[in-house]
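Below is one structure, written out as structure tokens; comments come after it.
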Number of protein chains: 2
Amino acid sequence: MATAPEVIRGTTNPMVTPILTDLYQFTMAYAYWKARKHHERAVFDLYFRKSPFGGEYTVFGGLEECIRFIANFKFKEDDISYLRSVMPTCEGGFFDYLRGIDCSDVEIYAIPEGSVVFPKVPLMIVEGPVAVVQLLETPFVNLVNYASLVTTNAARHRFVAGKSKTLLEFGLRRAQGPDGGISASKYCYVGGFDATSNVAAGKLFGIPLRGTHSHAFVSSFMSLDEIVDKELKSCDGSRVCNDFVNLVQAWLRKLQFTDSLHGVFGETNQSELAAFTSYALAFPKEFLALVDTYDVIRSGIPNFCAVALALNDLGYKASGIRLDSGDLAYLSIQARKFFCTIEKEFIVSGFGRTLITASNDLNEETLDHLNKQGHEVDSYGIGTYLVTCYSQAALGCVFKLVEINNQPRIKLSEDVTKVSIPCKKRCFRLYGREGYPLVDMMTGENEPPPKVGERILCRHPFSESKRAYVVPQQVEELLKCYWPGKSHKLREELPPLNKIRDRCLQQLEQMRPDHMRRLNPTPYKVSVSGKLYDFIHFLWLNEAPVGELQ
Amino acid sequence: MATAPEVIRGTTNPMVTPILTDLYQFTMAYAYWKARKHHERAVFDLYFRKSPFGGEYTVFGGLEECIRFIANFKFKEDDISYLRSVMPTCEGGFFDYLRGIDCSDVEIYAIPEGSVVFPKVPLMIVEGPVAVVQLLETPFVNLVNYASLVTTNAARHRFVAGKSKTLLEFGLRRAQGPDGGISASKYCYVGGFDATSNVAAGKLFGIPLRGTHSHAFVSSFMSLDEIVDKELKSCDGSRVCNDFVNLVQAWLRKLQFTDSLHGVFGETNQSELAAFTSYALAFPKEFLALVDTYDVIRSGIPNFCAVALALNDLGYKASGIRLDSGDLAYLSIQARKFFCTIEKEFIVSGFGRTLITASNDLNEETLDHLNKQGHEVDSYGIGTYLVTCYSQAALGCVFKLVEINNQPRIKLSEDVTKVSIPCKKRCFRLYGREGYPLVDMMTGENEPPPKVGERILCRHPFSESKRAYVVPQQVEELLKCYWPGKSHKLREELPPLNKIRDRCLQQLEQMRPDHMRRLNPTPYKVSVSGKLYDFIHFLWLNEAPVGELQ
């Protein structure tokens, strides 16, 4: 916990300013101000109604950005002038009021970022003067919505790929705008990816970077004659190979005349060979080649192996290949065979384990298919489907008023899933004997919290018949104070990104497997206390209009 | 055309810097540099392979941002230091080279932003030193991909909604990150939307803003007693109503006892009435109420009408209502009836035409359903599905090398749709007798361009049997020079946003309707000249490996 006041720097994205919000937040603020209601203390819950991608869990992302945003919340003079111009009928006093606003009187309670979270349970509770908190709705929902969605998507990809695979996020070019790309890189890392291709995200967040070369690099070469500087020092610096091109060509001939590889390939593409050789001369310690520009089996893999074996002569170990098209299962198996044959034929220890990376429009489903077919891929580069969350492009977070002036408020709807849970609440996760979370429970703010070993009634918030008794072996309070406002509470510190990632991975690990599986996962139960249940239904009856059948 | 050099300011988004790119662009740049190949002149085409959303057209967006980006392309010292740290095996000279790079030697030819465009035809042709142009790939594709996708999505929504409807973009909170929201607002406007709720986008781009109030505003009121300041001056300033609340209540009673409305409603929700009255006191000239917090027919509409009629007494004209849930077709028709009854009963001219805005998870399909059912909606507020391009979240632009050192390059693939069209090209749109575009045609750079009235052979780039003769009535060269580099060509000016929007609307208007329809649209033909066709297939045969059936 941080007790001493410290400076919290602003959001990563300089475009996140207090005017990055919907106009109606300002028109409402004005109406509140006109009605002298703007100081009334309101409590809003930020939550979502359904986990994405047909799953039963979500990973919470975006909290840190929200806190950085409010820590620096202040209108600039030119924003005020702009607002004045678009709200010409509003009194000048309102703009003076806006000019004075900050978030020093706002309190924020939140579930730690990177936690596994469930529908209806508030991810954040925001309390403060109604006009100010209303202004935060749009940026908060914007910052949490995509962050949580893409973290969850990354976690799901990791789940299917398995723990032993390396996952690389390659989505920047297909993301929804520049920071669609930067946020994707950040939150995919949190959700369990190992690295990104996005240099800006690497720099901003310290995420490991990965990348090799593209088809264009391969096509840009015509022949080996283009390579002017053919010299390569050995890895240990002890000797110099004066003509690395020659060494590569010698290896290629050797491969062509190797009995166990006979008939696999004939003449390989020479511009590809030139590109690989050039790339190896530039990166002898980390030679990784894209092998599908012409023909993986007949050209790419033999060319790669010739260069890799030449490097091996000089003490370097080639990293591997990338496959970006075709039947990835088949090609990876063929490549592995080729590598193993070479290991055996030429006694190059470890060559059989040369890294195979696959890319090309991968998603949860194609990873699952690859697993079912069997493959030899060690590492996946995933882009479009991951970062745009193609199978479900939005999470649908909402921000609902649950209390104002100490009066609980409920938002009714004919669609029961859209009814909000009133009151400022506390939220608990109850754990069972095997260490798995059993149920999340919301209570009123002043109810006694559930205790370990006690028999506790957990009720479905809206359905009378759904109820269960639970005897928790452990009780965890979910929401912590991340912005104490004037409450003198201790402020939870914002952990660094790798700690958020650790929490995410540890929380995912801790869940009961049937909640996590892709096909027909078991819903995780979210409940309210008996007392809160009664209160919800008391309010409901009072607010709902009495219909007449006509 | 701009002849004098002028300063082009940077991109809208300060996060778009030269390191917002994939790491492999730098590793390739290093390999080019090591091979002394980095200065070789390369030509890349930026294009997409398939129009989105099951349609047969795309609107090109993002060009201006690309030009602003390269106009200010320069590495910062701390970017260089970061790159050095992540590429530790690279020679220092490379970083000196990067330090010196700008885009003064790059040439960009592009189709004007806001144009209707088709698969395979380059939206942009980028020519310059291979290492520099390679670095532009990721940011260019990123900037064009989502911009074009969301502009197209907006155009499609406009097409279904019809020209007479007002379209409002309400997507910020559900967008993929902050600038997912800002770009969405910008490009939805280009694609034919009338306004946005996004204040930051309004300020940045001068887009009209719209917005009213939310459910939270309605729920934040308890009763009419909360309204302290009840005075309202009449619209012309000639008189003052001392108790506007009283006036509203009087109108509500009058409505309750109006025979023609008998039985429609009884007691309305008083907190809703208080919220509407308060909002009207704040915005008497632009009173628009969200009427579905409790019950549209039994509470929201009568409450709205009571306030609107009270305003009418003081010379104000209420704007209208917003429906955000339920059966929008039915509710809008009921609301219209209610308004018309009031116009007749109380002789309030124009009241029947009170504006009805609908929102709530609208998309192309729901708009189409509404049209088929019949409805009375005047205006749509569209969010999630529009801005996230939910039905297809990525366009899939690519950036392919087509020429280097005056040598044409082709990228082959077993999937024929992925074969690239080689050579630096010129692209033309040929128009028919009725003024509709008939076909786009690509030619080699030095071929004589197609002429009006001439019989021209247009060939499918890959399929031998698909060919047609066209006698164009008008020939338009598609690509113009937007960045002349050192070529001394005239630079096309970057038009303001409303001109881009005008071009988009005019181009959409000009298309033959069967290309534009939602169901089974006719594909628009994209072709190459006979000469280019022959050349593609000559290269193809030379590059493709000769297989052996085994």
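Computed from heavy atoms alone, side chains included, the values below leave out hydrogens, waters and symmetry copies. Every chain is numbered from 1, with letters handed out A, B, ... down the list of sequences.
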Reported OG-to-CG distance for the pair A/Ser183 and B/Asp179, which is rounded to 0.5 angstrom: 8.0 Å
Does any backbone or side-chain atom of B/Glu65 lie under 4.5 Å from a heavy atom of chain A? Answer side chain, backbone, both or neither. neither
Pick from B/Met222, B/Lys400, B/Glu267: which one has the most heavy-atom pairs with chain A under 4.5 Å? B/Met222
Of the listed A/Thr384, A/Val228, A/Asn269, A/Ile182, the one with the largest count of heavy-atom pairs under 4.5 Å with chain B is A/Ile182
Is it the case that B/Thr388 and A/Tyr146 place a side-chain donor and acceptor less than 3.5 Å from each other? no
Nearest heavy-atom approach of B/Ser220 to A/Lys37 is O-NZ, 2.7 Å
Sorted by chain and residue number, the side-chain contact (heavy atoms from CB on, under 4.5 Å) partners of A/Ala29 (sequence neighbours excluded) come out as A/Phe94, A/Ala131
Given the options B/Leu172, B/Leu209, B/Leu401, B/Leu149, which has more heavy-atom pairs under 4.5 Å with chain A than any of the others? B/Leu172
A/Asp78 portion near chain B, given a 4.5 angstrom heavy-atom threshold: both
Quick one: which of B/Thr27, B/Asn13, B/Leu143, B/Leu204 has the most heavy-atom pairs under 4.5 Å with chain A, could you say? B/Thr27
Considering only heavy atoms, which portion of B/Ala175 lies under 4.5 Å from any heavy atom of chain A: side chain, backbone, both, or neither? both
Less than 4.5 Å to any heavy atom of chain B: does that hold for the side chain of A/Glu137, its backbone, both, or neither? side chain
Looking at every heavy atom in both B/Tyr82 and A/Lys203, which two are closest together, and how far apart are they? OH-N, 3.2 Å
The interface call for B/Gln134 against chain A, heavy-atom contacts under 4.5 Å, is side chain
Which heavy atom of B/Gln176 sits nearest a heavy atom of A/Val387, and at what distance? OE1-O, 3.7 Å
What part of A/Leu83 gets within 4.5 angstrom of chain B, counting heavy atoms only: side chain, backbone, both, or neither? side chain
Nearest heavy-atom approach of B/Lys418 to A/Asn360 is NZ-OD1, 3.5 Å
If you measure from OG1 on A/Thr212 to CE on B/Met28, what distance do you get to the nearest 0.5 Å? 7.5 Å
So, the part of B/Asp79 with a heavy atom under 4.5 Å from chain A: the answer is both
Assess whether side chain to side chain contact (heavy atoms under 4.5 Å, CB included) is satisfied between A/Tyr390 and B/Gln392, documenting all intermediate values. CA-CA 7 Å; A/Tyr390 207 91; B/Gln392 183 184 325; 3.0 Å; yes
Specify which of A/Phe140, A/Phe26, A/Phe217 makes the most heavy-atom pairs with chain B at under 4.5 Å. A/Phe217
Give, as side chain, backbone, both or neither, the part of B/Arg36 having an atom under 4.5 angstrom from any heavy atom of chain A. side chain
Taking salt bridge (charged side-chain N to carboxylate O under 4.0 Å, His left out) as the definition, give me every residue that meets it alongside B/Glu286, ordered by chain and number, with sequence neighbours left out. none
Are B/Glu226 and A/Glu40 packed together at the side-chain level, in the sense that at least one heavy-atom pair is separated by less than 4.5 angstrom? yes
Close aromatic pair by centroid cut-off 6.0 Å: B/Phe283 and A/Tyr30: yes
Output yes when A/Lys34 and B/Asp229 qualify as a salt bridge under the 4.0 Å nitrogen-oxygen rule, no when they do not. no
Which one, B/Ser325, B/Gly180, B/Ser214, leads in non-hydrogen pairs under 4.5 Å with chain A? B/Ser214
Do any N or O atoms from the side chain of B/Arg173 and from the backbone of A/Cys397 form a donor-acceptor pair under 3.5 angstrom? no
Could you walk me through whether B/Val199 and A/Asp22 pass the side chain to side chain contact (heavy atoms under 4.5 Å, CB included) test, one step at a time? CA-CA 6 Å; B/Val199 178; A/Asp22 291 306; over 6 Å; no
Can you tell me how far the NE2 atom of A/His213 sits from the CG atom of B/Leu23, to the nearest 0.5 Å? 13.0 Å
So which part of A/Ala394 gets closer than 4.5 Å to some heavy atom of chain B, the side chain, the backbone, both or neither? both
Chain B: which of A/Thr21, A/Val16, A/Thr11 shares the most heavy-atom pairs with it under 4.5 Å? A/Thr21
With side chain to side chain contact (heavy atoms under 4.5 Å, CB included) as the criterion, how do A/Thr12 and B/Met15 come out once you've worked through the C-alpha distance, each side chain's angles and the decisive distance to 0.1 Å? CA-CA 9 Å; A/Thr12 310; B/Met15 296 181 87; 3.9 Å; yes
Could you go through the side chain to side chain contact (heavy atoms under 4.5 Å, CB included) check for A/Tyr24 and B/Ser197 one step at a time? CA-CA 7 Å; A/Tyr24 81 175; B/Ser197 64; over 6 Å; no
Top contributor to chain A contacts, counting heavy-atom pairs under 4.5 Å, from B/Trp33, B/Phe221, B/Phe44: B/Phe221
Minimal non-hydrogen separation, B/Ser219 against A/Arg409, with atom names: O-NE, 2.5 Å
With chain B, which of A/Pro139, A/Ala184, A/Gly202 has the greatest number of heavy-atom pairs at distances under 4.5 Å? A/Gly202
Quick one: do the B/Ser278 and A/Tyr32 side chains pair a donor with an acceptor below 3.5 Å? no
Of all heavy-atom pairs between A/Leu20 and B/Pro178, which one has the smallest distance, and what is that distance? CD2-CB, 3.7 Å
Looking only at A/Val141, A/Val150, A/Asp292, most heavy-atom pairs under 4.5 Å shared with chain B are made by A/Val141
Separation of A/Thr138 OG1 from B/Phe170 CZ (nearest 0.5 Å): 11.0 Å
